[in-house]
Amino acid sequence: MPHVIVQNCCNDASCVPECPVDCIHPTPDEPEYATAEMLYIDPDVCIDCGACIDACPVSAITTDYELTAEMAPFETMNADYYEAVGSSADRDHPFADPRARRKRPASDAETLRVAVVGAGAAGHYVVSELQHRIDVRATIDVYERLPETGGLVRFGVAPDHADTKKVQEQFAQSRTHSGVTTHLGVRIGEDVSAAELSRTHHAVVYAVGSLHGRDLGLPGADLAGVTAAADFVAWYNGHPDFAGLSVDLSHERVVVLGNGNVALDVARVLTADPEVFAGTDMTEDALAALRDSQVREVVILARRGPGHAAFTTPELVGLARTVPVVALPGDLEEAADEPADPQARFYREQKLALLQTLPAPDAAPDDRRVVLRFGTTPTAITASDGALSVAFDDHGAPTSLDCGLVLPSIGLRGTSVPGVPYDEAAGTIPNADGRVLGPDGAALPGVYAAGWCKRGPTGVIGTNRYDARGTVDALVADFHAGLLTAPPAE
Ligand code: NAP
């Protein structure tokens, strides 16, 4: 009876070293890991020992006999992955336990004082990586500008994804270890300068994430009623910066621009039964707005074809089991451009196969629904008579849709910190392997970046674990090379 990984896999790969038969892939040291939508268990190799279940921080692994109807598609998905990329039995290297890489035990003199700015997933994984090193000891100050930790796990993950949010328990546990002090409500660059933080620590790691939506840059993008999906998400999750956001749900239609996982999240929140969100992280204001909402249709406009959809298949499965999702059959006809990479081909075929099972708009019940459109490039937004109109190019033909709210969901940009280099165009902190680069392109001693502010907003929660490992490797190497300045004794 094999085990199965389901929708809320966070890719942190805690399960991988626990598996005695190496049947969970891709592992973080395999090239496919960087673009993996989730991890998969090879049913032909799994021995049903259950070690992976205990290791998973988000309860994303189950036995095949305990699969609910909702989880059933994932049984096939796990098996199909190995059909597409080859059996796990043919892989020749088990994932190296990260602790085996540690070089030598630290002497008492080798105690590092590190500041980590940001208490979201990236900051957590930096803390955790430092705690697991044996070639240095670290005392760590975590600084968080909000009165709460969790970052986008708390304020970005959808309120109905309770299992995913459980990873916060792991985050909280690592901060209770001796040597870690968490400072809430402290803004670096305002309450404490970046220079002062560097003076009082050997190293500072900026893990400040990507909170804001990228600029749409279209005529009408600044009209009332055009709200970045990222802001809408932060609002319904109770982020204090967005408490006063005005969200008009009085019109029957909302248009979402871009079709990544954030787009699917907001579409699900706008169309699901609001009672699903009662008792979650969703604010009472947002819950009341959803209960009063007149929205019946969310249209998701994507520039490219279905084979290039930015959402992951697990999230489309999750959306389609919550609300009716429809697609225009004509939109789903896409010229084949088969990727050579087996994993990329698997994802493309899986996505197309799932989309082909969606009903056409006419066939869908007369109820709330989500409409997926492809080959549609927005060109302008206008306002008249209390409504908005999104003009777009539909496979070459100009057309438009009326709505009450437009949610651009076109990716996120990093948060800048006064006194820390920032690349406006990329929306990230310029860096090489986590070492922050100054204006002359040289690494600034003792200043590092981790997570989305380092590499941009890609991947899922656990992807940040391996990103953090790279930054901590650089930081510790610089320490042993004598490149970090010791802070004055307290
Ligand atoms: P994303 O995955 O990068 O998707 C951005 C979308 O915006 C794409 O469809 C892109 O399409 C489109 N786009 C970009 N510029 C545009 C423009 N100027 N006009 C119209 N469309 C434009 O971004 P995201 O949804 O914000 O997600 C960010 C990251 O968070 C991703 O790694 C995602 O997987 C992750 N996330 C995961 C979950 C989950 O696992 N449950 C939930 C939320 C977010 P083109 O192909 O045309 O560029």
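Side chains included, hydrogens not; waters and symmetry mates left out as well; all remaining heavy atoms used. All ligand and atom numbering here is 1-based and tracks the order in the structure.
Set against the non-hydrogen atoms of S409, the atoms of ligand 1 under 4.0 Å away are 5 (C), 6 (C), 7 (O). Close contacts between ligand 1 and G459 involve ligand atoms 32 (O), 35 (C) [criterion: under 4.0 Å to a heavy atom]. Short contacts between ligand 1 and V460, defined as distances under 4.0 Å to a heavy atom of the residue, involve ligand atoms 40 (O). Near R304, the atoms of ligand 1 lying under 4.0 angstrom from a non-hydrogen atom of the residue are 45 (P), 46 (O), 47 (O). Taking every heavy atom of T458 and a limit of under 4.0 angstrom, the matching atoms of ligand 1 come to 32 (O). Proximity to R214 (heavy-atom distance under 4.0 Å) selects the following atoms of ligand 1: 14 (C), 15 (N). Near W452, with a cut-off below 4.0 Å to any heavy atom, the atoms of ligand 1 are 29 (C), 30 (O).
Closest to atom 48 (O) of ligand 1 among all protein heavy atoms lies R303 NH2, 2.9 Å. When only non-hydrogen protein atoms are considered, atom 12 (C) of ligand 1 lies nearest to G258 CA, 3.8 Å. Atom 22 (C) of ligand 1 has I410 CG2, 3.3 Å as its closest protein atom, hydrogens excluded (heavy atom only). In terms of protein heavy atoms, atom 39 (C) of ligand 1 is closest to N261 ND2, 3.7 Å. Protein heavy atom in closest approach to atom 8 (C) of ligand 1: A310 CB, 3.6 Å. The nearest heavy-atom contact from the protein to atom 23 (O) of ligand 1 is G411 CA, 3.7 Å.
Checked against a 6.0 Å centroid threshold, the rings of Y466 and Y33 count as neighbours.
In summary, the side chains of Q294 and S250 do not present any donor paired with an acceptor at a separation below 3.5 Å, with no hydrogens or angles considered. Between the side chains of Y81 and Q343, at least one donor N or O lies within less than 3.5 Å of an accepting N or O. With no hydrogens or angles considered, a side-chain donor-acceptor pair links T27 and D29 at under 3.5 Å. In the model, T63 has a side-chain atom that pairs as donor or acceptor with a side-chain atom of E66 under 3.5 Å. Inspection of the R413 and T428 side chains reveals no N or O donor paired with an N or O acceptor under 3.5 Å. For the residue pair S174 / H124, a side-chain donor-acceptor distance below 3.5 Å is found, with atom types taken as modelled. Using modelled atom types and a 3.5 Å distance limit, the side chains of R296 and H251 yield no donor-acceptor pair.
Not a single heavy atom of F374 sits less than 4.0 Å from an atom of ligand 1. Contact annotation: A302 has no heavy atom less than 4.0 Å from any atom of ligand 1. Ligand 1 has E315 within reach: a non-hydrogen atom of the residue lies less than 4.0 Å from it.
D341 places none of its side-chain heavy atoms less than 4.5 Å from the side chain of F346. In this structure, the side chains of P398 and D393 stay at 4.5 Å or more apart for every pair of heavy atoms.
The shortest N or O to N or O distance between V262 and ligand 1 is under 3.5 Å.
Checking atom 10 (C) of ligand 1 against the protein gives no heavy-atom contact under 4.0 Å.
Relative orientation of the Y40 and Y347 rings is tilted, given thresholds of 30° and 60° on the angle between their planes.
Among G305, G260, P457, S210, the residue whose heavy atom sits closest to atom 31 (C) of ligand 1 is P457.
No more than 12 heavy atoms of other residues, nucleotides or ligands sit less than 6.0 Å from atom CG of D433.
Contacts with ligand 1 closer than 4.0 Å are made by side-chain heavy atoms of D265 only, the backbone lying farther away.
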